[in-house]
S.K.: 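Sharing a structure below in structure tokens format, with a few things to ask.
Atoms considered below: every heavy atom in the structure, side chains included; atoms not considered: hydrogens, waters and symmetry mates. Letters A, B, ... are given to chains in the order of the sequence lines, protein chains preceding strands, and every chain is numbered from 1.
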Amino acid sequence: MYQRTVTLEPVAPFSFDLTAGYHTYYQARYGSDSLEEGVYRRLLDLDGNLVLASVSSVGNVEEPRLEVRLQGQGLDDESVAKATTLVSWLLGAEQELRPFYDMVSGDETMSETTRRFHGLHLPHTASVFEALVLAILGQQISTHVARVVRTLLIETCGPHLDVDGVLYYAFPRPETLAAMPVEELRGMKLSWRKAEYIRGIALASLEELDGLESLRGLDDQEVVSEVTRLRGVGNWTAQWLLVRALGRPDALPLGDLALRRTVSALYFQGEPIDDAQVEEFCARWSPWRTYATVYMFAAMRNPMG
DNA sequence: ACCCAGGCATTGG
DNA sequence: CCAATGCATGGG
């Protein structure tokens, strides 16, 4: 087992605790991600080479600096470079929050939220495949149930590495899920339909050389129309894919029950609203609707108390 | 025992 | 073309 340490300098403002915590839903551990005692850990799957990244903050929100410790078997310069790029992506380190903060400065409700969550960057998934599977898994079920299913999937099917006596898991590989009988996926508390959808996504991502990763070259509209051709992927899932896997700043997950309730609670005095009203209202935040959505969710998950 | 949860595809009018 | 329905399972 080799070890290397590199540093990252995210774009300020950057709150390490808020951003890393978003990955784990502010718990100690969630599937492949953990955040314990100020250290964010994630097992990276670099084309089959498993490397544990342990990230901690050695700066502050306005002068952010991250120390990244990498541990694994094959740590040559090339894999260190890949790992560094991936960790930066996972934490959304390159995002510029200022334009969004400036845009909402006249909106007292949103400004209060951007002050409370100052420096929250939007974390990303490691792959398109991961974002799609997680989104499908979470369709129409409570976040609590999704947590159970997600943990089961990752700890049953994900590649793992033992570091100092602790097992760390990476997200399952497409080939693993593609080769798995649907009954076995069913055993992980997925419905038959979701099990089939996930199998289909796994097969699709193995299809060509880059599979689903080639979506990165398309614009938002093209991504949505391409990806919704997959069974189990509607607009909601496609929009969250734009947010989570592709880092697009102007996605809006219409159809999201929590989004309707959140916009309603913050801007319509709790009066029930439909998707058309959400879309019309959220137009004010274009081209930063992704940020607006995530900050509103942050506010609702973590109400002032 | 109900009913709902950060959707989607299918079916029936 | 729109409305209704089933889906798995843990909480309230």
S.K.: Look at A:R301 and B:dG6 and indicate whether a side-chain polar atom (N or O) is within less than 4.0 Å of OP1 or OP2.
M.R.: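 For B:dG6, neither OP1 nor OP2 has a side-chain N or O of A:R301 closer than 4.0 Å.
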S.K.: Assign A:L230 to base, sugar-phosphate, or nothing according to its heavy-atom contacts below 4.0 angstrom with the strands shown.
M.R.: sugar-phosphate
S.K.: Taking the nucleotide of DNA chain B with the nearest heavy atom to each, does A:A258 or A:T228 sit closer to the 5' end?
M.R.: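 Result: A:A258.
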S.K.: What nucleotide among B:dG6, C:dT9, C:dA8 has an atom nearest to a side-chain atom of A:V145?
M.R.: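 Taking heavy atoms from C-beta onward, the closest nucleotide is C:dT9.
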S.K.: Any donor-acceptor pair under 3.5 Å linking the side-chain atoms of A:S105 with those of A:D102?
M.R.: no
S.K.: Salt bridge between A:R289 and A:E279, side-chain N to carboxylate O under 4.0 Å?
M.R.: no
S.K.: What is the distance, rounded to the nearest whole Å, between atom CG of A:L257 and atom P of B:dC3?
M.R.: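 So the two atoms are 17 Å apart, to the nearest Å.
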S.K.: Tell me: CG of A:L132 to C1' of B:dC8, nearest whole Å?
M.R.: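 Rounded to the whole Å, the gap is 14 Å.
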S.K.: Measuring to OP1 and OP2 of B:dA5, would you say a side-chain N or O of A:T143 lies under 4.0 angstrom away?
M.R.: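 For A:T143, the contact criterion (side-chain N or O under 4.0 Å from OP1 or OP2 of B:dA5) is not met.
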S.K.: Applying a 4.0 Å non-hydrogen cut-off, can you work out what A:F297 is touching in the nucleic acid: base, sugar-phosphate, or nothing?
M.R.: base
S.K.: Separation of A:D274 atom CG from C:dC2 atom C1', in whole Å?
M.R.: 15 Å
S.K.: Does a side-chain N or O from A:R261 land closer than 4.0 Å to OP1 or OP2 of B:dA5, or not?
M.R.: yes
S.K.: Can you tell me the distance, in whole Å, between the CD1 atom of A:I141 and the C1' atom of B:dC3?
M.R.: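 From A:I141 CD1 to B:dC3 C1': 16 Å.
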S.K.: B:dC8 C1' sits how many Å from A:K194 NZ, rounded?
M.R.: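 Value for this atom pair: 9 Å.
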S.K.: Describe the nucleic acid contact of A:V149 in one word from base, sugar-phosphate, nothing, applying a heavy-atom distance below 4.0 Å.
M.R.: nothing
S.K.: Reckon A:H144 has a side-chain N or O less than 4.0 Å from the OP1 or OP2 of C:dG11?
M.R.: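 Checking A:H144 against C:dG11: at least one side-chain N or O falls below 4.0 Å of OP1 or OP2.
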S.K.: Do A:D33 and A:T24 get their side chains close enough for a donor-acceptor pair, meaning under 3.5 Å?
M.R.: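 Side chains of A:D33 and A:T24: no pair found under 3.5 Å.
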S.K.: Give A:R231 one of three labels, base, sugar-phosphate or nothing, depending on what nucleic acid heavy atoms sit under 4.0 Å from its own.
M.R.: sugar-phosphate
S.K.: Side chain of A:R186: nearest nucleotide among B:dG6, C:dG10, C:dT9?
M.R.: C:dT9
S.K.: Mind calculating the distance between CH2 (A:W240) and P (B:dG7) to the nearest angstrom?
M.R.: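 Taking atom P of B:dG7 as the reference, CH2 of A:W240 is at 11 Å.
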S.K.: I want to verify a distance call: between B:dA9, C:dC7, B:dG7, whose nearest atom is closest to the A:Q139 side chain?
M.R.: B:dG7
S.K.: Using whole Å, what does the distance between atom P of nucleotide B:dA9 and atom CH2 of A:W192 come to?
M.R.: 20 Å
S.K.: Please report the distance, rounded to the nearest Å, between CZ in A:R150 and C1' in B:dG6.
M.R.: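 After rounding, the gap between these two atoms is 13 Å.
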S.K.: Indicate whether any N or O donor in one side chain lies under 3.5 Å from an N or O acceptor in the other, for A:R41 and A:S54.
M.R.: yes
S.K.: From the set B:dC8, B:dG6, B:dT10, return the single nucleotide nearest to any side-chain atom of A:T237.
M.R.: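 Output: B:dC8.
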S.K.: Looking at A:R260 and A:D274, does any basic side-chain N land under 4.0 Å from a carboxylate oxygen?
M.R.: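 A:D274 and A:R260: not salt-bridged.
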S.K.: Other residues, nucleotides and ligands only: do more than 12 of their heavy atoms fall within 6.0 Å of CD on A:Q3?
M.R.: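 Counting neighbours around CD of A:Q3, more than 12 heavy atoms of other residues, nucleotides or ligands fall under 6.0 Å, so yes.
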S.K.: In whole angstrom, give me the gap between the C1' atoms of B:dG6 and C:dA3.
M.R.: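 Straight-line distance between the two C1' atoms is 23 Å.
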